[in-house]
**Q** 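Here's a structure for you.
Note that this is a predicted model, so its numbers are computed, not measured.
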Amino acid sequence: MGSFAGACEIVEEKDAVRLAKHSCKPALESSKDMERPPLNKGSMEYDIDQLFQSISIKPSPGRVIGSSSFHHLETRTSAGTSRSTSPSKKSALKKPFPMGGTPRSPRVGLSDSVSLKQALRDLCISKASEMAAHKRLSKSAAASPRVSEADRIKSLYRQVLNESAGRSGLPVDKGKRFVEVSLTPVDDIPSSSQSVPDVLETKPSKFLYESVGETVLLYKSNNSGSSLSFGSGDFEIEIDEYASSPPHKDGVVEIDKHVTSLPSCSGSKADAEEELDKSIVSSARVKSEPKALHSGLEGTLDNVPSAVRENIKLVNKVKRNIPRPKPRPKRKILVKKKLRVAVASSATKTVEKDDTSLEPSASQTLCQKCHCSLKSISENVSVEANQESVASSHLISIVKSSNKETSKASSNSCEAIDSREADIVMQQDAIQNKQQRENPTSSEKIIFSLSSKNSSIGNYSSSTSMSEESNLSRFSCGNKPHMSMDVRWEAIKHVKLQCGGSLGLRHFNLLKKLGCGDIGTVYLAELVGTSCLFAIKVMDNEFLARRKKTPRAQAERAILKMLDHPFLPTLYAQFISDNLSCLVMEYCPGGDLHVLRQKQLSRCFSEPATRFYVAEVLLALEYLHMLGVIYRDLKPENILVREDGHIMLTDFDLSLRCEVNPTLLKTTSLAGKDTARMSGHYNTSNCIQPLCIEPSCRVPCFSPRLSSKPRKQRRPDPLTQQFRSLPQLVAEPTEARSNSFVGTHEYLAPEIIKGEGHGAAVDWWTFGVLLYELLYGKTPFKGYDNEETLSNVVFQNLKFPDSPLVSFQAKDLIRRLVMKNPESRLGWEKGAAEIKRHPFFEGLNWALIRCAIPPELPDVYENGATEATSPKGNSNGYLECKAMGDHLDFELF
Ligand SMILES: Nc1ncnc2c1ncn2[C@@H]1O[C@H](COP(=O)(O)OP(=O)(O)OP(=O)(O)O)[C@@H](O)[C@H]1O
């Protein structure tokens, strides 16, 4: 059989192809004649025939079973026919080809009783087919590096098993200790025992190797779970898909030598399973250095058998099926980054070291990537050590221990590390807070050391400032998800790391004055060394204290810190520099809506543009109310235009912070009321045109006479009904009350002027005034002077100018908002939710408004300034202000 096995395969295949392609008909004809063609001496058929002739044949008339398998093999192997008809299709090459259901051979007629002959023949054919398959496998292996790797592993195992068999002196296919190693998936492995060498040689490797960096061989029983069955156990080689190392070309496998505990072959199955569960997975790690590769292979062959006394032990040793956490490289990198950010200390080195052990190549890349940041971190360690030595040391130890855990586990459960990271940050914060509580002057000292003129900080303490700043910087990104991807965070962080954590005015180039308010001056500033622009509000603490405006500045800062909304400013940092409190905010290059309105033809916005702007303002107000902030200073001057044309509500020094109790309102009443509130006059008047332009409309539209003719109301569609039936969250600070006289004259609500006490509804009044101003280009109650204005607000009826033409819906909304009695005002009860339902906003997608195209985009100059923000009368258009160290030489007010 040796010669047969060695030489016949190619001939068979070629013949098969030839027969199939060219000699099909003659072959059939000859089969009919039952004539045997002359056989070449030395060919497989010749060998088989010789074999058959040595066995007595009892012909069976009427039934023809020929060398079916042979032809079947030809067809199958050459044409690649499916093996679906074969009962043993899962291991087709491992077993002899089945007799039944195969094409009849025209050449040899055999009776059923010739079982021995048949068996021998089939065995030969089976061997031939196995060899053919094996050769094909080798060929394709040469063509495909993936299969080549499979081959190497296969040959490795063959050697291992052969050697172990040789050492044990036992034939591997004898006795109950036989274990089969298969390269086929577990499910495909039949339970019948086969000799190991046979299996290794003949089993087709269906296994495809994915890009393998770290190749891990897991030997699984085909029985359930991680158990290993003896006698009939099949095992598979599995590649860890989550291997993190880069794909390896040479693919030499090195078997982990740390396998020590071996299940006893004489033990019960249960014992063996238990032992296996305890044992360690043997891993084959591909190494990149060619030398290592070579030695790795040698080491494998040398070491593994030496550790094995019996073949069963060997198999058990290499067959470790222990659940192994699979590394996920991407997340691992993420974790490392996070840890670096959180640590900002020498602990980073520990992280890197540990991670390197987990993932050499990846961490190497990461190291290169993070080189700068590591450097800057190390530079800052000494500075930070002075400020936060206790916290840092605690933090470092925490991180170190967490890293120890990480390396111990040899896995990177990202969730676990993530949570640790969160814990670290929280613990750091807790440590700092505790430190501050125990020693409130500690952080003040830091401030003093940074600024020599801070001895008279007063209530507006530097300790607060510093801790708040550090909190801001630490939590800012996580705290403000909508801006978390903003590069400005990174820029600030980077500068802070370089300067030891305390940001100052010296880190900014003040480019120009954007405006001057009641409590401070706002500058356009560029972060030194970056091209990031910010708006810095600079407030003189002494001035604030003198004018008793410190609480306003504090309130503004506190509110800014809370905000995380696309239409509200992001506070990037805050610090005290040279007795100046500075708020580093997002810069809006588009100017404010007041300036933008002036630029419009007829000095007012179109209705769609107005709708866009007020809708965004409404969302901002809604958010503020939910946070318990009553804005109180709504006016076009405080609505800034971002570079992308969307708005940003600014200036919170007049805002009121209050309690808010979010409530879930049932809908039926709400829907009913809403319908009544919304549709009231609107639906009962004759004025049904969307753009009601008749001047006389103002009175007749809402006259009681007209309302006596109710129009037939349309029934809302089921979807709308369903939506309306949902409970509604209302977070309106309805209980808030203040007696302060705050705001801008033209925008003041009557209840503020009257001093009756006011609440959140003042914002809905101002919202109505804003809508009016944007549409008409003026406020509704403006008088000759402030006194008259206030008087008008309280006593004068709302009037709409004849021009420009404004839709009825817009006017209706204004009317409902500018209600003298706050309790009758739209929004009084349920806040923005009520207003959003007004027909003026019909069809507006509130959720996607931030993605909507804005009415216009500001013309942003190179330096981020616009015509609107550029001060006039300057030769270069800019007011150059440069902070000299911590000393500023510029006019604040
Ligand atoms: N983030 C910013 N981007 C661009 N310009 C801004 C920014 N913040 C403020 N400004 C400009 O600076 C000017 C001054 O702003 P500030 O917030 O001090 O107050 P204000 O509204 O004028 O006054 P007050 O604080 O007294 O109510 C504004 O009119 C505005 O044009």
Side-chain angles (χ1 to χ4, degrees), residues 472 479-483 517 519 535 537 551-571 583 585-586 588 592-593 612-642 646-663 728-738 740 742-744 747-749 751-752 758-771 817 822 825-837 841 846-847 849-850:
L472 241 184
N479 237 5
K480 301 180 189 299
H482 95 273
M483 294 293 282
I519 60 167
K537 189 164 187 171
R552 279 173 61 179
Q554 285 174 334
E556 177 160 48
R557 191 183 58 222
I559 291 167
L560 280 171
K561 277 173 62 185
M562 293 195 293
L563 305 180
D564 177 29
H565 194 275
F567 307 136
L568 292 166
T570 299
L571 182 66
L583 301 172
M585 297 176 290
E586 193 181 344
C588 287
D592 60 54
L593 276 194
F612 174 87
Y613 290 127
V614 296
E616 295 200 336
V617 169
L618 185 57
L619 289 177
L621 289 175
E622 181 182 42
Y623 175 84
L624 287 172
H625 284 200
M626 282 183 177
L627 291 180
V629 175
I630 302 173
Y631 183 53
R632 298 201 296 191
D633 200 14
L634 188 62
K635 56 184 177 183
E637 291 86 339
N638 283 344
I639 302 164
L640 305 181
V641 180
R642 285 199 165 96
H646 290 268
I647 66 106
M648 186 182 100
L649 204 57
T650 185
D651 198 4
F652 300 92
D653 61 320
L654 294 184
S655 299
L656 173 72
R657 293 181 71 186
C658 56
E659 288 281 307
V660 63
N661 297 313
T663 39
Q728 190 180 8
L729 176 74
V730 174
E732 183 73 358
T734 45
E735 305 299 316
R737 279 292 168 275
S738 168
S740 312
V742 289
T744 306
Y747 276 78
L748 280 176
E751 61 266 33
I752 295 179
H758 62 268
V762 294
D763 280 346
W764 306 130
W765 170 276
T766 54
F767 184 70
V769 177
L770 173 77
L771 181 56
L817 289 166
R825 209 171 288 154
L826 191 63
W828 161 265
E829 199 183 352
K830 291 176 284 287
E834 273 180 73
I835 301 163
K836 283 157 87 176
R837 288 176 172 213
F841 295 115
W846 292 98
I849 194 164
R850 65 182 292 193

**Q** Starting at CZ of R850, measure out to CG of L619 and round the result to the nearest 0.5 Å.
**A**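 One finds 10.5 Å between CZ of R850 and CG of L619.
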**Q** Quick one: are P733 and H625 in side-chain contact, heavy atoms under 4.5 Å?
**A**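 Yes; the side chains approach each other to less than 4.5 Å.
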**Q** Is the shortest side-chain N to carboxylate O distance from E616 to R642 below 4.0 Å?
**A**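 Not counted as a salt bridge, because no side-chain N and carboxylate O are separated by less than 4.0 Å.
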**Q** Output the distance between atom NZ (K635) and atom CG (L748), rounded to the nearest 0.5 Å.
**A**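 Between atom NZ of K635 and atom CG of L748 there are 10.0 Å.
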**Q** So, taking the atom named CD1 in I519 and the one named CD in E556, what distance separates them when rounded to the nearest 0.5 Å?
**A**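 Atom-to-atom, I519:CD1 and E556:CD are 4.5 Å apart.
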**Q** For P636 and D592, which heavy atoms make the closest approach, and how far apart are they?
**A**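 Scanning both residues, the minimum pair turns out to be O-CB, 3.6 Å.
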**Q** Under the criterion side chain to side chain contact (heavy atoms under 4.5 Å, CB included), which of L621, L618, L624 is the partner of D763?
**A**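 So the option named by the test is L621.
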**Q** Kindly compute the distance separating CZ (F652) from CG (L583), expressed to the nearest 0.5 Å.
**A**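 Rounded to the nearest 0.5 Å, the CZ-CG separation comes to 11.5 Å.
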**Q** Do the non-hydrogen side-chain atoms of R837 and K830 ever get within less than 4.5 Å of each other?
**A**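 Side chain of R837 against side chain of K830, heavy atoms only: no contact under 4.5 Å found.
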**Q** Please find the pair of heavy atoms, one from F841 and one from I835, that lie closest to each other, and give the distance.
**A**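 Scanning both residues completely, I find the closest heavy atoms to be CD1-O, 3.4 Å.
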**Q** Of all the heavy-atom pairs spanning L654 and R632, show the shortest one and how long it is.
**A**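 In terms of heavy atoms, the two residues are closest at O-NE, 2.8 Å.
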**Q** Report the distance from atom CZ of F767 to atom CG of L826, rounding to the nearest 0.5 Å.
**A**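 These two atoms lie 9.5 Å from each other.
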**Q** Are side-chain heavy atoms of T766 and Y631 found at a separation under 4.5 Å?
**A**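 A side-chain contact under 4.5 Å is absent here.
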**Q** Tell me if the aromatic rings of H646 and F612 count as close, with their centers under 6.0 Å from one another.
**A**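 Here the rings of F612 and H646 have centres that are less than 6.0 Å from each other.
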**Q** Measuring only between side-chain heavy atoms, which start at C-beta, is V629 closer than 4.5 Å to M562?
**A**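 In short, these two side chains touch, coming nearer than 4.5 Å.
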**Q** Would you say that P822 contacts V762 through its side chain, given a criterion of any heavy-atom pair below 4.5 Å between the two side chains?
**A**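 Contact flag for P822/V762 side chains = no.
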**Q** Do you know which two heavy atoms are closest between I559 and S655, and how far apart they sit?
**A**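 For I559 versus S655, the nearest heavy atoms are CD1-CB, 3.5 Å.
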**Q** Do Y623 and L563 have side chains that get closer than 4.5 Å, going by heavy atoms?
**A**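 SC-SC contact between Y623 and L563 confirmed.
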**Q** Do V641 and L593 come within less than 4.5 Å of each other through their side chains, counting heavy atoms only?
**A**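 Side chain of V641 against side chain of L593, heavy atoms only: contact under 4.5 Å found.
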**Q** Any idea which heavy atoms bring A620 and L649 closest together, and the distance?
**A**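 Of all heavy-atom pairs spanning A620 and L649, the closest is CB-CD2, 4.0 Å.
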**Q** Taking it one step at a time, do T744 and D633 satisfy side chain to side chain donor-acceptor pair (under 3.5 Å)?
**A** CA-CA 7 Å; T744 306; D633 200 14; 3.2 Å; yes
**Q** Under 3.5 Å, is there a donor-acceptor pair linking the side chains of W764 and E732?
**A**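 A donor-acceptor contact under 3.5 Å links the two side chains.
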**Q** Any Lys/Arg nitrogen of K537 or D651 sitting under 4.0 Å from an Asp/Glu carboxylate oxygen of the other?
**A**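 Counted as a salt bridge, because a side-chain N and a carboxylate O are separated by less than 4.0 Å.
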**Q** Ignoring hydrogens, what is the shortest heavy-atom contact between A558 and R657? Give both atom names and the distance.
**A**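 Closest heavy-atom pair between A558 and R657: CB-NH1, 3.1 Å.
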**Q** I need the single residue from N638, I639, L640 that forms a side chain to side chain contact (heavy atoms under 4.5 Å, CB included) with M648. Which is it?
**A**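 One option only clears the test, and that one is L640.
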